[in-house]
K.L.:
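First the structure, then my questions, so here it is.
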There are 2 protein chains.
Amino acid sequence: MVRDPDQSASGLHAEAHHHHAIDADAVQSRARAYATSKSIPFTSMRQRVLALLAASGKPMAAYEIAEKLSDARRVQAVQVYRALEFLQEAGCVHRLVSRSAYFACDHLHGSGETVVFMVCSQCGAVQEAASDVVARGLRGVAKTTGFKPRHPIVELEGDCANCAGEPAG
Amino acid sequence: MVRDPDQSASGLHAEAHHHHAIDADAVQSRARAYATSKSIPFTSMRQRVLALLAASGKPMAAYEIAEKLSDARRVQAVQVYRALEFLQEAGCVHRLVSRSAYFACDHLHGSGETVVFMVCSQCGAVQEAASDVVARGLRGVAKTTGFKPRHPIVELEGDCANCAGEPAG
DNA sequence: GACATGGCGTTATAATGTTACATTCGTTGT
DNA sequence: ACAACGAATGTAACATTATAACGCCATGTC
Ligand SMILES: [Zn+2]
Ligand SMILES: [Zn+2]
Ligand SMILES: [Zn+2]
Ligand SMILES: [Zn+2]
């Protein structure tokens with residue numbers, strides 16, 4: 001991820017050329033820790049969904065996940081939704097409202113943090129960036145209208161650095 | 001609507017206590033003007049959908065619109081979606097991704113403008129505010145990651161000024 | 001072991017959105 | 001007036017996304 005004023009390639013996947021599969025071990029550890037802290041099990045289904053999303057590195061629809069996880073036994077969408085609910089609570093997975101898709105996240109988001117999801121229209125990849133400027137702007141408009149914000153949704157549709165160069169077909 | 005640094009009650013519906021039905025005439029004029037400019041008709045169905053949304057003043061689901069518009073003849077969802085497509089192009093209607101709902105808008109949005117939708121969890125009312133600060137923040141994170149943004153989605157879930165006072169059930 | 005809790009597997013259903021196609025309507029050209 | 005064309009409509013079917021209901025089973029507690 002990338003923080004606002006910081007232009008360096010700190011957490012940035014600098015040379016990731018094909019879709020940056022995120023750190024599966026790290027994200028799994030966080031899910032496990034969350035489960036432990038809440039005294040709820042990090043079950044097989046939850047692990048499978050998270051592992052798939054982490055390996056993919058791109059947003060996937062719930063039914064797509066169900067299909068990929070199906071082998072002899074068919075995995076039903078409802079099972080995926082249940083796993084996703086846990087994983088979102090654990091902060092390991094986000095939902096893209098612009099695509100009704102889910103993707104794994106290996107960042108640790110602070111509670112007050114406002115995160116921007118940048119979704120590439122061409123390749124579907126998602127980049128995250130926390131922005132204090134955006135957060136301040138949101139607080140500003142909320143204050144102006146007396147609105148008490150609880151949860152922000154910020155997504156950008158556009159073209160990622162890779163695809164912007166090659167107009168693509 | 002409300003602009004960023006401007007704290008005054010310029011365009012703000014100051015004493016609107018019940019859900020501020022927006023200016024139906026104004027929004028209809030804009031739709032008609034858009035239709036004329038594109039040489040496409042502002043048909044009856046489009047007028048009916050817009051009129052209903054303007055009168056409601058609150059976001060409505062597509063199927064809800066279809067039901068309200070149905071009389072002797074049943075209005076099908078697909079007809080509503082087609083009308084909504086036109087109305088969104090005309091800039092008279094927005095879609096709330098957080099609710100899959102649509103609402104009329106009587107503002108005139110500049111092309112580069114970043115608009116924040118503030119959705120009250122309790123009463124469902126929506127306020128709009130254009131924010132230059134948010135726009136700048138979004139440009140910032142995009143630039144940092146080399147992302148070329150095309151269309152921003154910014155929504156805030158929370159409690160409006162009216163409902164924040166009365167905790168409500 | 002009895003019991004409660006919670007996840008799983010299954011089925012069904014709700015809610016949202018789209019495709020396909022024939023028909024109707026308004027416009028345009030002759 | 002008439003044919004022709006494109007756009008908007010009406011209708012049906014379908015696709016996608018998400019949730020509800022319910023019984024089963026594993027786990028932990030008493
Ligand atoms: Zn994240
Ligand atoms: Zn891309
Ligand atoms: Zn608006
Ligand atoms: Zn409210």
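A note on names: the letters A, B, ... follow the listed sequences, proteins ahead of strands, and every chain is numbered from 1.
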K.L.:
Any side-chain heavy-atom pair from A/T145 and A/V141 closer than 4.5 angstrom?
P.N.:
no
K.L.:
Where the side chain of B/V78 is defined as all heavy atoms beyond and including C-beta, which of D/dA12, D/dA20, D/dT17 is the nearest nucleotide?
P.N.:
D/dA12
K.L.:
Write down the distance between CG (A/L84) and P (D/dT17), rounded to a whole number of angstrom.
P.N.:
13 Å
K.L.:
Which part of the nucleic acid does A/R99 contact within heavy-atom distance under 4.0 Å: base, sugar-phosphate only, or nothing?
P.N.:
nothing
K.L.:
Tell me whether the OP1 or OP2 atom of D/dT9 has a side-chain N or O from B/T43 closer than 4.0 Å.
P.N.:
yes
K.L.:
Measure from the side-chain heavy atoms of B/R46 and tell me the nearest of C/dT10, C/dC8, D/dA8.
P.N.:
D/dA8
K.L.:
Is there a side-chain contact between B/E155 and A/V97, using heavy atoms and a 4.5 Å cut-off?
P.N.:
no
K.L.:
In this structure, how many angstroms lie between the C1' atom of C/dA14 and the CD atom of B/E67, rounded?
P.N.:
14 Å
K.L.:
Just the rounded figure in Å: distance from P of D/dA13 to CZ of B/R74.
P.N.:
16 Å
K.L.:
Do we count B/Y63 as stacking onto C/dT16 if the rule is ring centres under 5.5 Å and planes under 30°?
P.N.:
yes
K.L.:
Could you check how far CD of A/Q76 sits from C1' of C/dG7, rounded to whole Å?
P.N.:
16 Å
K.L.:
Starting the side chain at C-beta, find the nucleotide from C/dG7, C/dT11, C/dG9 nearest to A/Q79.
P.N.:
C/dG9
K.L.:
Under 3.5 Å, side chain of A/E157 to main-chain N/O of A/S121, donor-acceptor pair present?
P.N.:
no
K.L.:
Counting only side-chain heavy atoms from C-beta out, which of D/dA18, C/dG7, D/dT11 sits nearest to A/I40?
P.N.:
C/dG7
K.L.:
When the distance from CD1 of B/I65 to P of C/dG17 is rounded to whole Å, what number comes out?
P.N.:
10 Å
K.L.:
For B/F42, answer base if it contacts any base atom (sugar-phosphate contacts may also be present), sugar-phosphate if it contacts only those atoms, and nothing otherwise; contact means non-hydrogen atoms under 4.0 Å.
P.N.:
nothing
K.L.:
Of all the nucleotides listed (C/dC8, D/dT9, D/dT17), which has the minimum atom distance to the side chain of B/R82?
P.N.:
D/dT9
K.L.:
Could you give the CZ-to-C1' distance, from B/F86 to D/dA7, as a whole number of Å?
P.N.:
13 Å
K.L.:
Would a 4.5 Å heavy-atom cut-off, applied to side chains only, mark B/P41 and B/R46 as touching?
P.N.:
yes
K.L.:
Can you measure A/R73 atom CZ to C/dT10 atom C1' for me and round it to whole angstrom units?
P.N.:
12 Å
K.L.:
Going by ring centres under 5.5 Å and near-parallel planes (under 30°), is A/Y81 stacked on D/dT19?
P.N.:
no
K.L.:
Would a 4.5 Å heavy-atom cut-off, applied to side chains only, mark B/E128 and B/H94 as touching?
P.N.:
yes
K.L.:
CG of A/L96 versus P of D/dT16: gap in Å, rounded?
P.N.:
19 Å
K.L.:
Tell me what A/V75 touches on the nucleic acid: a base, only sugar-phosphate, or nothing, going by heavy atoms under 4.0 Å.
P.N.:
nothing
